[in-house]
Amino acid sequence: MGNYFAKFSAFGSFAPARILTNKDLEKMVDTSDEWIRSRTGMVERHIASKEEAASDLAYQAALNAIEASDVKYKDIDMIVVATISGDHPFPSTACLLQHKLGLKNVPAFDVSAGCTGFIYACDVARQYVENGGASNVLAVGVEILTKITNWTDRNTCVLFGDAAGAAVISRAEPTDISRIIDIKLDADGSMGDYLIQMAGGSRLPASHETVDANQHTVYMEGNRIFKSAVKSMYASSDELLRRNNLTSADVDWVIPHQANLRIIEALADKMKVPINKVIINIQKYGNTSSATVPLATDEAIRSKKIRRGDILLLTSFGAGLTWGSVLARY
Ligand code: ACO
């Protein structure tokens, strides 16, 4: 426990304008609207334009989050961006975002934890705020996975969409009802090969061969991931609740990673949480990786489902493999 408490001041999000429907995908690969709906719950997803990169989406989401908070731009003192599809391998997307926001002399860095990235970013932000190292941290989850998607592979290309979600994580006054109660992170690198962008790093640098073999796109063993997804999100959520002497009945809203509706329903079932207490928007956005959780949270706040004082459980899993959960009073 640090010297201070941290809280979610506000959320923001952004999705690119272009929409790709299941019907559109039927024309691109051997799939059907019926298969995609029944196996994933997805109906449409937003796709970035040729000109849009991760920092552009992150910028819009960050603006929305800052505007929804009572924090002034100049008081943001750290930027953490969770992404696996940043503008460039380097510099970090966080530095590009810092420049776009016109902020100077504040630390800015990326974290890489696949779809769990936003949960990891929240924990980094919380640690700094609780220890007094920062007062208002911008935590962003942004992904343009559609630019690293193999559009001839029906196993993966129907799943992903592009978006950004952001939160301003601030120091909480002792009188504030809002508070990040606890966060649990986890990882198991032995399962890294199940979900991987094989080439483009120091293991397999970019070459004509890697491009021809489609090794710069997302490779996923969907079945294996599916099995560990429910187990891992349940495990971290259950531990968080237990160690804070709460049960799932105390939670007002579960906001899970939006990777597959069947995974979300299985998690709700295992946690004994009624499905109407689970925030679901997978039908509109598909899997936007590290953006799903802040995007779904932001939408639920703006539609007044989530209200100040509600107990939130944010949970995700993804490449690494990684998983984790955040327990907070909004
Ligand atoms: N359209 C039609 N048929 C398809 C499609 C498609 N788009 N995709 C796969 N199929 C076929 C397969 O070829 C297979 O056919 P076969 O039996 O003739 O071989 C059949 O459907 C069943 O395939 P499965 O892979 O067993 O389908 P499953 O029910 O497991 O659904 C899915 C696949 C949706 C990928 C599921 O496994 C899943 O959601 N997994 C988790 C994905 C995930 O959460 N990833 C982590 C986050 S991503 C990140 O971190 C970047």
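These numbers were taken from a predicted model, which means no experiment stands behind them. The figures that follow rest on heavy atoms only: side chains count, while hydrogens, waters and symmetry mates do not. Atoms within each ligand, like the ligands themselves, are counted from 1 in listed order. In this chain, numbering begins with 1 at the start of the sequence shown.
Taking OH of Y219 as the reference point, atom CD1 of I196 lies at 9.5 Å (rounded to 0.5 Å).
Other residues, nucleotides and ligands place no more than 12 heavy atoms under 6.0 Å from the CG atom of D193. The environment of R203 atom CZ is sparse: at most 12 non-hydrogen atoms of other residues, nucleotides or ligands sit within 6.0 angstrom. Open room surrounds CG on D70; 12 or fewer heavy atoms of other groups in view lie less than 6.0 Å from it.
No side-chain heavy atom of I301 sits under 4.5 Å from any side-chain heavy atom of F8. No side-chain heavy atom of I84 sits under 4.5 Å from any side-chain heavy atom of Q197. Between V124 and Y128, the closest side-chain pair of non-hydrogen atoms falls below 4.5 Å. Side-chain contact between M233 and I263 is present, with at least one heavy-atom pair separated by less than 4.5 Å. Counting heavy atoms from C-beta on, the side chains of E26 and N22 never come closer than 4.5 Å. With a 4.5 Å cut-off on side-chain heavy atoms, I279 and V254 do not count as touching. The shortest distance between side-chain heavy atoms of I180 and F5 does not fall below 4.5 Å.
Within a 4.0 Å radius of atom 37 (O) of ligand 1, the protein contributes at least one heavy atom. Distance remark: protein heavy atom present below 4.0 angstrom from atom 11 (C) of ligand 1. Inside a 4.0 Å radius of atom 17 (O) of ligand 1 there is not any protein heavy atom. Counting protein heavy atoms under 4.0 angstrom from atom 23 (O) of ligand 1 gives zero. Within a 4.0 Å radius of atom 14 (C) of ligand 1, the protein has no heavy atom. For atom 1 (N) of ligand 1, the nearest protein heavy atom is under 4.0 Å away. Using a 4.0 Å threshold on non-hydrogen atoms, atom 26 (O) of ligand 1 counts as touching the protein.
For the ligand labelled ligand 1, residue I36 lies outside the 4.0 Å heavy-atom shell. For E143, the heavy-atom gap to ligand 1 stays at 4.0 angstrom or more. Heavy atoms of A319 approach ligand 1 to within less than 4.0 angstrom.
Short contacts between ligand 1 and N223, defined as distances under 4.0 Å to a heavy atom of the residue, involve ligand atoms 24 (P), 25 (O), 26 (O), 30 (O), 37 (O). The contact set between ligand 1 and R262, taken as ligand atoms under 4.0 Å from a residue heavy atom, comprises 28 (P), 29 (O), 31 (O). Near F317, the atoms of ligand 1 lying under 4.0 angstrom from a non-hydrogen atom of the residue are 44 (O), 46 (C). Close approach of ligand 1 to T40 is summarised as follows: ligand atoms under 4.0 Å from at least one heavy atom of the residue are 34 (C). Per-residue contacts place R39 under 4.0 angstrom from the following atoms of ligand 1 (heavy atoms of the residue considered): 29 (O). Counting atoms of ligand 1 from 1 in the listed order, those under 4.0 Å from a heavy atom of G222 are 37 (O), 40 (N), 41 (C). Which parts of ligand 1 touch A259 is read off a 4.0 Å heavy-atom cut-off, strictly below it: atoms 44 (O).
Cation-pi geometry between K270 and Y234 is met: the NZ or CZ atom falls under 6.0 Å from the ring centre, inside 45° of the normal.
The side-chain contact (heavy atoms from CB on, under 4.5 Å) test with L96 is passed by exactly one of V81, L101, D87: D87.
Counting only non-hydrogen atoms, the option in Q258, R154, H257 that gets closest to atom 7 (N) of ligand 1 is R154. Counting only non-hydrogen atoms, the option in C115, S38, G114 that gets closest to atom 50 (O) of ligand 1 is C115.
With a heavy-atom cut-off of 4.0 Å, T31 touches ligand 1 through backbone and side chain alike. By the criterion of a heavy-atom distance under 4.0 Å, the side chain of V158, and not its backbone, is placed next to ligand 1. Contact annotation: for N155 versus ligand 1, heavy atoms closer than 4.0 Å belong to both the backbone and the side chain. At a heavy-atom cutoff of 4.0 Å, ligand 1 is contacted by the side chain of L195 but not by its backbone. At a heavy-atom distance under 4.0 Å, only side-chain atoms of N287, from C-beta outward, approach ligand 1.
Scanning the protein for heavy atoms near atom 45 (N) of ligand 1, the closest one is M220 SD, 3.2 Å. Given atom 46 (C) of ligand 1, the protein heavy atom at minimum distance is I225 CG2, 3.5 Å. Atom 8 (N) of ligand 1 has W35 CH2, 3.3 Å as its closest protein atom, hydrogens excluded (heavy atom only). When hydrogens are left out, the protein atom nearest atom 39 (O) of ligand 1 is N260 ND2, 2.7 Å; that is the closest non-hydrogen contact.
Of the N and O atoms on the side chains of E143 and T288, not one donor lies less than 3.5 Å from an acceptor on the other residue. No side-chain N or O of Y285 forms a donor-acceptor pair with one of R45 less than 3.5 Å apart.
Note on residues 153-162: pairs passing side-chain hydrogen bond (donor to acceptor under 3.5 Å, both in side chains), not counting sequence neighbours, are T146-D162, D153-N155, D153-T156.
Annotation: S289 places no N or O atom under 3.5 Å from an N or O atom of ligand 1; distance criterion only.
In summary, D182 and K184 do not engage in a salt bridge, as defined by a charged side-chain N under 4.0 Å from a carboxylate O.
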